[in-house]
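Down below is the structure, laid out as structure tokens.
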Amino acid sequence: MRSKVVLGRLLRNKQARYGCIALILLVALAYIGPFIGAYEWTDKDFRAFLSAPSADHWWGTTSIGQDMYAVTLRGMQKSIIIGLLVALISTALAAVVGAFAGYFGGRIDRLLMWGVDLLLVLPSFLIIAIISPRLKGGSWLWFVVLLAAFAWMITSRVVRSMTLSLREREYVLAAVYMGIPRWKIIFRHILPNLSSLLIIDATLNVSGAVIGEAALSFFGFGIQPPDVSLGTLIAEGSRNATGYPWLFAFPAGLLVVLVLSINLIGDGLRDALDPGSNS
Amino acid sequence: MGRYLLRRFATNAILVMIAASLAYMLAATTMNPRGAYEGRQPPVAEAVVDATLDEYNLNDKTPVFQRYVTWASGVVTGDFGRTWNGGSVNEEMGRRIGVSLRLLFIGTVVGFVLGVGLGAYSAVRQYRFSDRLIGVGSFVIMAIPVFVLATLLAIATYSLNRGLGFTLIEYTGEYNPKLSGWDQFFNRLNHLILPTISLSLGSIAFYSRIQRNMMLDVLNQDFVRTAMAKGLRRRTALFKHALRTALIPAATYFAFAFGTMLTGATFTEKIFAWHGMGAWLVDSINQNDVNAVAAVSLFASLCVLVASFLSDLLVAALDPRVRVN
């Protein structure tokens with residue numbers, strides 16, 4: 001029932017509606033688009049190096065003759081998957097750490113929050129960049145794990161402070177007196193009551209992760225060739241963006257539109273789920 | 001109050017020490033400086049490589065902990081060790097630290113002041129055209145990553161300069177070594193324009209969003225109405241009472257936003273060919289330069305420490321409740 005109300009509110013919000021439409025179109029482009037194009041992303045056209053967009057190669061070709069349309073869509077698929085996975089993992093991690101710290105309090109709380117402080121002292125970009133040489137040749141899923149492992153700290157603090165007030169509520173106390181184990185109370189009573197915050201956070205984490213992935217791949221610390229993501233394509237394109245603008249414009253433009261539409265949905269979700277808030 | 005700040009400072013200092021040690025350990029275990037010597041033609045004897053690496057404290061045959069102790073005892077006395085090919089990390093850092101600090105300082109100040117200003121202005125003009133414009137603008141800018149923004153700025157300047165036929169705005173490097181005196185000074189300022197824009201636009205957008213929301217909250221509160229009712233002019237009431245209260249959350253976000261700023265500086269330095277600490281991080285990771293990476297990490301965590309200390313000071317200056325407790 002509540003989900004219906006929230007969905008209604010979300011769709012009445014003009015910005016969120018545009019965001020949803022844009023996101024659906026982008027996902028459709030990424031996953032259906034490759035079937036429409038004439039070339040595979042692995043194909044190399046040896047008669048067309050660095051050719052401008054034309055009827056044959058819609059978005060032009062790269063310096064080794066790859067079809068820019070096919071490669072960009074392939075990169076976008078990877079970016080979307082990475083964004084979704086990282087957001088799911090990091091929000092789950094933030095929820096669990098924050099709720100445990102807030103609910104148990106005392107020594108566990110201090111230990112966990114101290115760990116959060118420690119991770120906030122070093123920018124996550126720096127840590128992942130240092131670890132990345134180890135990942136060369138490994139699966140890209142490791143990269144997802146790394147991105148998620150350093151993206152949950154701030155949310156976990158918010159979750160913790162909200163848990164502190166939730167644990168004094170009557171229904172939580174009732175559960176305690178019924179003898180339900182404390183970890184079960186966290187998953188059954190505390191986290192479901194934080195769901196609005198977590199849904200909003202997960203949505204905004206998707207765009208954060210897409211940017212984070214692209215940022216690391218920009219320096220070669222992320223997705224490794226021959227695989228591509230929007231980040232590697234932008235890095236490639238930005239090297240001679242003045243001479244061959246199509247190498248830069250398509251991946252960069254899609255990245256910005258993707259992030260923008262996710263942010264629009266996230267903001268709309270915040271208004272729909274949490275009308276009182278104003279941040 | 002002083003004791004509170006002192007305690008915060010002490011805990012943060014311990015955090016920095018641990019963070020830097022962890023970064024060293026990570027770098028020392030994941031990077032392989034030996035690779036640079038192994039593939040050479042003619043081949044270098046293993047004993048020679050070992051001796052060289054030992055001299056630089058980079059030998060992967062020495063246990064990590066032992067290398068760490070050597071490194072840490074050096075750092076305590078102010079010696080950051082050697083780069084992978086024997087250069088002094090201290091010298092290189094001395095050259096680069098000023099470059100980065102200048103960029104970070106100007107970027108932070110411009111970002112904070114303009115962001116807070118725009119946010120407060122847009123709250124006062126709620127739902128007018130200028131408010132809408134600032135809102136949409138900051139929303140779009142927050143969706144553009146620094147490296148795309150910097151590249152776009154570089155392209156735009158390149159085309160502008162070509163259209164004009166002379167270099168109006170510089171887009172690569174930090175200064176022109178051929179100039180001297182005042183020319184040199186103005187040239188440096190010119191080189192600063194693009195990196196400052198690229199670095200601060202994101203934080204302007206970030207702060208303006210926070211500040212707008214906080215200011216809107218405060219504007220409807222009784223104390224602002226009281227201030228105007230007792231005869232203060234609207235401007236004074238807004239600046240002295242509303243803005244001051246609404247600044248507190250932005251000041252607490254300051255420490256957090258600084259970490260983002262450091263990452264942004266890495267991209268800005270790399271794209272505009274500045275030889276600062278951020279660019280050094282990328283280069284030294286690619287060269288498996290353990291001690292340089294550790295030095296940059298220490299620098300980054302120190303910067304975050306200073307930023308969070310400043311943020312504490314700022315909050316204490318703005319919020320009397322913090323000073324009393």
Side-chain angles (χ1 to χ4, degrees), chain A residues 15 114 117-136 153-154 157 207-208 210-221 230-231 234-235 237-243 245 248-249 251-253 255-264 267 277-279, chain B residues 11-12 15-16 18-20 22-23 26-27 29-32 139-140 142-148 150-152 154-155 158-159 162 209-210 212-214 216-217 249 255-256 258-264 266-267 270-271 278 281-282 285-286 288 293-294 296-297 300-305 308:
Chain A
Q15 294 168 4
W114 190 80
D117 280 345
L118 183 64
L119 285 175
L120 282 174
V121 170
L122 281 175
S124 55
F125 173 81
L126 196 147
I127 307 177
I128 301 176
I130 293 176
I131 304 177
S132 67
R134 261 288 165 86
L135 301 183
K136 290 210 165 119
M153 287 84 77
I154 290 165
R157 282 198 165 173
S207 60
V210 169
I211 289 187
E213 178 278 321
L216 285 155
S217 299
F218 186 81
F219 285 137
F221 297 146
L230 288 180
I234 293 172
S238 70
R239 255 169 239 145
N240 32 28
T242 39
F248 176 75
L255 179 77
V256 172
V257 176
L258 181 65
V259 171
L260 196 60
S261 61
I262 297 171
N263 283 350
L264 281 172
D267 259 31
S277 90
N278 59 0
S279 49
Chain B
T11 41
N12 279 339
L15 274 180
V16 166
I18 296 171
L22 280 179
L26 263 184
T29 46
T30 54
M31 289 174 187
N32 176 26
F139 206 83
V140 171
M142 282 178 50
I144 305 180
V146 183
F147 48 93
V148 173
T151 312
L152 284 177
I155 296 173
Y158 174 80
S159 329
R162 232 176 46 159
R209 274 175 73 83
I210 297 177
R212 177 178 181 274
N213 288 333
M214 290 305 139
L216 281 179
D217 256 13
F256 158 70
F258 195 77
T260 320
M261 175 76 81
L262 274 176
T263 310
T266 307
F267 290 96
K270 211 58 188 141
I271 290 170
L281 173 75
V282 177
I285 288 176
N286 288 330
N288 288 308
V293 170
V296 178
S297 309
S301 49
L302 260 183
C303 281
V304 174
L305 162 81
S308 78

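Just so we're on the same page: letters track the sequence lines, and every chain starts at 1.
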Heavy-atom proximity to chain A below 4.5 Å, by part of [X]:
| X | answer |
| --- | --- |
| B:Leu15 | both |
| B:Ser159 | neither |
| B:Val293 | side chain |
| B:Asn12 | neither |
| B:Leu26 | both |
| B:Ile271 | side chain |

Chain B heavy atoms under 4.5 Å from [X]: which part of the residue, side chain, backbone, both or neither?
| X | value |
| --- | --- |
| A:Ser207 | neither |
| A:Ala214 | both |
| A:Ile131 | both |
| A:Leu264 | both |

Between B:Tyr158, B:Phe258, B:Phe139, who has the most heavy-atom pairs with chain A when the cutoff is under 4.5 Å? B:Phe139
Can you see which heavy atom on [X] is nearest to which on [Y], and at what distance?
| X | Y | value |
| --- | --- | --- |
| A:Phe221 | B:Asn286 | CE2-OD1, 3.8 Å |
| A:Leu122 | B:Ser297 | CD2-O, 3.8 Å |
| A:Ile130 | B:Thr30 | O-OG1, 3.2 Å |
| B:Val304 | A:Leu120 | CG1-O, 4.1 Å |
| A:Ile211 | B:Ala143 | CD1-O, 4.4 Å |

Could you tell me which of [options] has the largest number of non-hydrogen atom pairs under 4.5 Å with chain B?
| options | result |
| --- | --- |
| A:Ala129, A:Pro123, A:Ala215, A:Ala249 | A:Ala215 |
| A:Phe248, A:Trp114, A:Phe219 | A:Phe219 |
| A:Val257, A:Asn263, A:Leu258, A:Ile127 | A:Asn263 |

Taking only residues at least two apart or on different chains, which pairs with a member in residues 117-131 of chain A satisfy salt bridge (Lys or Arg N to Asp or Glu O under 4.0 Å)?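 Sorted pair list: A:Asp117-A:Arg157.
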Would you call the rings of B:Phe267 and A:Phe125 parallel, tilted or perpendicular if under 30° counts as parallel and over 60° as perpendicular?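 Rings of B:Phe267 and A:Phe125: tilted, as their planes differ by 30° to 60°.
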Atom CG of A:Leu126 and atom OG1 of B:Thr263: how far apart are they, to the nearest 0.5 Å? 8.0 Å
List for me each residue that meets side-chain contact (heavy atoms from CB on, under 4.5 Å) alongside B:Leu22, sequence neighbours excluded, and say none if there are none.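 So B:Leu22 forms a side-chain contact (heavy atoms from CB on, under 4.5 Å) with A:Leu118, B:Ile18.
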